[in-house]
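Here's the structure we're looking at; comments come further down.
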Amino acid sequence: MQINPNTSEAYKLLHNGVLALSRAEQQGIRIDLDYCNKAKEELTTRIDSLEKALYDTNFYRHWSHSIGNKKPNIYSNTQLSHYLYKTKKIEPVFTTKSGQGSTDEEALTELNIPELNDLLAIRRLKKVRDTYLEAFLREQVNGYIHPSFNLHLVKTFRSSSDSPNFQNIPKRDKEAMKIVRQALFPREGHLLMEADYSGLEVRIAACFHKDPVMLRYINDTTTDMHRDMAKQLFLIDQFNPDEPTHKLLRAATKNGFVFPEFYGSWYKNCAVGLVCSWGKLPRTGKWKAGQGIKFENTYLADHLISKGYNSLEKYMLHVKEVENDFWGVRFKEYAKWKERHWKAYQKSGYIDLKTGFRCYGVMAKNDVINYPVQGSAFHCNLWALTQLDKFLREHDYDTRIIGQIHDSIVLDVHPDELQRVSKIIRRITCKELPATWEWINVPLDVEIDIGKVDASWAEMEKMEEN
DNA sequence: GGAACTCGCCAC
DNA sequence: AAACGTGGCGAGTTCC
């Protein structure tokens, strides 16, 4: 598999993009060294005490005994897998790619053993300390980290980042988010800003398939594809955006059905994720009243049983029907494009991005469908970043671009420039880009989050448009 | 003692 | 027929 900038436009995009990103690298991101060291120590204290508690259990003594002469190590998943699935003879619910009994979070949670829950808590703290805080301290120079942004490593001509990786800083887990992002600051007297394209990949996909139903979802902001799918998947008659369980099930639908289906997953995998991982219902056997997450005034099991689904097996048939409707009725033009596009690749041996890149070689069907969308979507962000960099330099702004996360741009902003910068970002990202690339047949939208002056990246809030 | 590997987990 | 796309990185393990 190989992909090349196949046109002078593609070459220029990379050339200018590399220069703009190198300036962001040179600028860097300020970190609070004292905080990093202190947070590291606090985490170590917590980890040590959790470790000690774990060592003082029969579970650990049994584990140590089970591995013979070797040194017991609670961080060895080889030992853990052997202990659980060989010594204790537990039947593994999940296996790894190579067929071993899995020891990931999902597998250990399923076993419902208190010591394993403690081990998972330790893993979470270690991840924060060793992958993020340690890396910041190791990579920092005079209180700044300078993440690399690469344009030459990813198959789809997206970007990657390393040393340290600026594109995988915790966000979803609020505790991890706070601990790590509290280390990252703007320059003194400045504030952080992140401008994030809303639903960029979904919109760029629509530039390929032009599905009228999808275009309606994108163009009419009163509609909501994830809400509609949540209603269908979880049999909700009246969706109430203020009802917490409806909110959660919308998120489950978005991340456990809609996006996986777009990436090429199928109903069987989606069904398990939806009701077992998100809904906390058992994978095997009949569901009983009171099981699963809370739902309205009752529980998910009660609700689904009342609709005629009393087991994963039964519920899967429902998800299968929803999937058939999803691709066969709702987004049938999208589905037709996938087939056309796949056939065209099989005939020609290559696929083209919208941005002048050509991708050729042996690819699986999911790759053929995903690569052009992923690459083209990122290139929208790269073009905008490049134009923004040019503007800020030509007009002698003090504001600096400091990074990029696939569909967003991160800046270190002078407070006096805040209004002007946000205005120019909206202009470049949502007006100048579609005016320049005529293949963009959808509206683009950007959400801007800002921090307070001298506040860390843990405390961002939405900046309202005015 | 280091390269290459697996596994787990963070992001989009 | 098959069945979730793209990365980076830490720790443990295996091989040379």
Side-chain angles (χ1 to χ4, degrees), chain A residues 1 3 70-82 94-108 119-120 122-136 138-139 147-173 176-177 179-181 194 196-202 204-205 254-273 320 323 327 342 359 363-378 381 403-408 410:
Chain A
M1 215 290 291
I3 180 169
K70 268 185 296 183
K71 201 172 170 237
N73 179 351
I74 57 169
Y75 303 115
S76 163
N77 290 329
T78 313
Q79 289 181 17
L80 177 56
S81 183
H82 186 272
F94 304 97
T95 52
T96 66
K97 214 168 44 181
S98 71
Q100 300 298 304
S102 170
T103 56
D104 67 10
E105 186 179 14
E106 196 179 30
L108 298 191
L119 179 60
L120 288 172
I122 299 176
R123 273 191 195 167
R124 279 190 284 273
L125 298 176
K126 267 178 69 79
K127 174 88 178 172
V128 167
R129 185 189 64 181
D130 299 344
T131 303
Y132 298 104
L133 298 179
E134 286 276 18
F136 293 167
R138 186 179 64 242
E139 299 290 345
S148 293
F149 293 99
N150 315 297
L151 293 180
H152 62 299
L153 296 177
V154 181
K155 286 194 276 191
T156 60
F157 265 90
R158 232 197 196 185
S159 66
S160 70
S161 169
D162 64 80
S163 308
N165 184 349
F166 187 62
Q167 297 178 321
N168 72 347
I169 314 268
K171 187 171 189 173
R172 218 191 89 236
D173 177 333
M177 183 280 279
I179 299 172
V180 177
R181 294 192 179 214
E194 181 166 1
D196 190 327
Y197 272 115
S198 323
L200 186 62
E201 279 200 24
V202 167
I204 295 310
K254 178 180 169 182
N255 298 308
F257 181 82
V258 178
F259 286 157
E261 286 282 348
F262 287 162
Y263 287 140
S265 189
W266 67 319
Y267 76 91
K268 282 201 179 180
N269 287 352
C270 292
V272 180
K320 186 180 181 180
E323 183 186 67
W327 290 116
W342 172 231
C359 193
M363 282 172 272
K365 186 176 181 182
N366 286 345
D367 298 337
V368 169
I369 290 158
N370 283 316
Y371 288 4
V373 175
Q374 188 181 100
S376 304
F378 168 67
N381 196 49
Q404 156 274 127
I405 313 171
H406 308 303
D407 63 358
S408 74
V410 184

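Reminder, nothing fancy here: chain letters follow the sequence lines and each chain counts from 1.
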- [ ] Quick one: which residue pairs count as a salt bridge (Lys or Arg N to Asp or Glu O under 4.0 Å) with a foot in residues 156-171 of chain A, not counting sequence neighbours?
- [x] A/R158-A/E201
Task: d(CG, A/L133; C1', B/dC9) in whole Å - done: 16 Å
Task: Separation of B/dC9 C1' from A/I169 CD1 (nearest whole Å) - done: 14 Å
- [ ] Have a look at A/R124 and say if it touches a base, only the backbone sugar-phosphate, or nothing, with a 4.0 Å heavy-atom cut-off.
- [x] nothing
TODO: Decide yes or no for A/I405 and A/F166: does some side-chain heavy atom of the first lie under 4.5 Å from some side-chain heavy atom of the second?
DONE: yes
Open item on the list: So A/E201, base contact, sugar-phosphate only, or nothing? Heavy-atom distance under 4.0 Å.
Closed with: nothing
Open item on the list: Any carboxylate oxygen within less than 4.0 angstrom of a Lys/Arg side-chain nitrogen, looking at A/R123 and A/E105?
Closed with: no
- [ ] Classify the side chain of A/R158 and the base of B/dC12 as holding, or not holding, a donor-acceptor pair under 3.5 Å.
- [x] yes
TODO: Specify the separation, in whole Å, of atom CG of A/N366 and atom P of C/dA1.
DONE: 17 Å
Open item on the list: I'd like to know if the side chain of A/N381 reaches the main chain of A/S408, judged simply by a donor and an acceptor atom lying under 3.5 Å from each other, with no hydrogens or angles considered.
Closed with: yes
- [ ] Give a yes/no on whether any side-chain N or O of A/K171 is located under 4.0 angstrom from OP1 or OP2 of B/dC12.
- [x] yes
Open item on the list: Counting primed atoms plus P, OP1 and OP2 as sugar-phosphate and everything else as base, spell out the protein contacts along nucleotides 7-16 of chain C at 4.0 Å heavy-atom distance: B, S or - for each nucleotide, 5' to 3'.
Closed with: BBSSSSS---
Open item on the list: How many whole angstroms separate atom CH2 of A/W266 from atom P of C/dC4?
Closed with: 9 Å
Task: For atom CD of A/E323 and atom P of C/dC4, their distance in whole Å - done: 11 Å
TODO: I would like to know whether A/I179 and A/Y132 meet side chain to side chain contact (heavy atoms under 4.5 Å, CB included); could you show each step before the answer?
DONE: CA-CA 10 Å; A/I179 299 172; A/Y132 298 104; over 6 Å; no
- [ ] Choose from B/dC7, C/dG5, C/dC4 the nucleotide whose nearest atom is closest to any side-chain atom of A/Y371.
- [x] C/dG5
Task: Global bending angle along the helix from B/dG1-C/dC16 to B/dC12-C/dG5, which compares the axes of five pairs at either end, to 10 degrees - done: 0°
TODO: Kindly check if the number of other-residue, nucleotide or ligand heavy atoms within 6.0 Å of NZ (A/K320) is above 12?
DONE: no
- [ ] Answer yes if the side chains of A/S81 and A/Q100 hold a donor-acceptor pair under 3.5 Å, and no otherwise.
- [x] no
Open item on the list: Distance check, rounded to the nearest 0.5 Å: A/R129 atom CZ versus A/E134 atom CD?
Closed with: 6.5 Å
Task: Rounded distance (Å) that lies between atom P of B/dC7 and atom CD of A/Q100 - done: 7 Å
Open item on the list: Rounded to whole Å, how long is the line connecting atom NZ of A/K365 with atom C1' of C/dA3?
Closed with: 10 Å
- [ ] Can you measure from OG (A/S76) to NZ (A/K71) and round to the nearest 0.5 angstrom?
- [x] 11.5 Å
Open item on the list: Please tell me if A/T96 has a side-chain N or O lying less than 4.0 Å from either OP1 or OP2 of B/dT6.
Closed with: no
Task: Closest listed nucleotide, where the reference is the side chain of A/D407 and the choices are C/dG5, B/dC12, B/dC9 - done: B/dC12
Open item on the list: Students often get this wrong, so: under 4.0 angstrom with heavy atoms, is A/P170 touching a base, only sugar-phosphate, or nothing?
Closed with: sugar-phosphate
Open item on the list: Taking A/I74's backbone N and O only, do any of them form a donor-acceptor pair with A/Q79's side chain (distance below 3.5 Å, no angle check)?
Closed with: no
Task: A/E261 CD - C/dG5 P separation (whole Å) - done: 13 Å
Open item on the list: Taking only side-chain N and O atoms of A/N269, does any of them lie within less than 4.0 angstrom of OP1 or OP2 on C/dA3?
Closed with: no
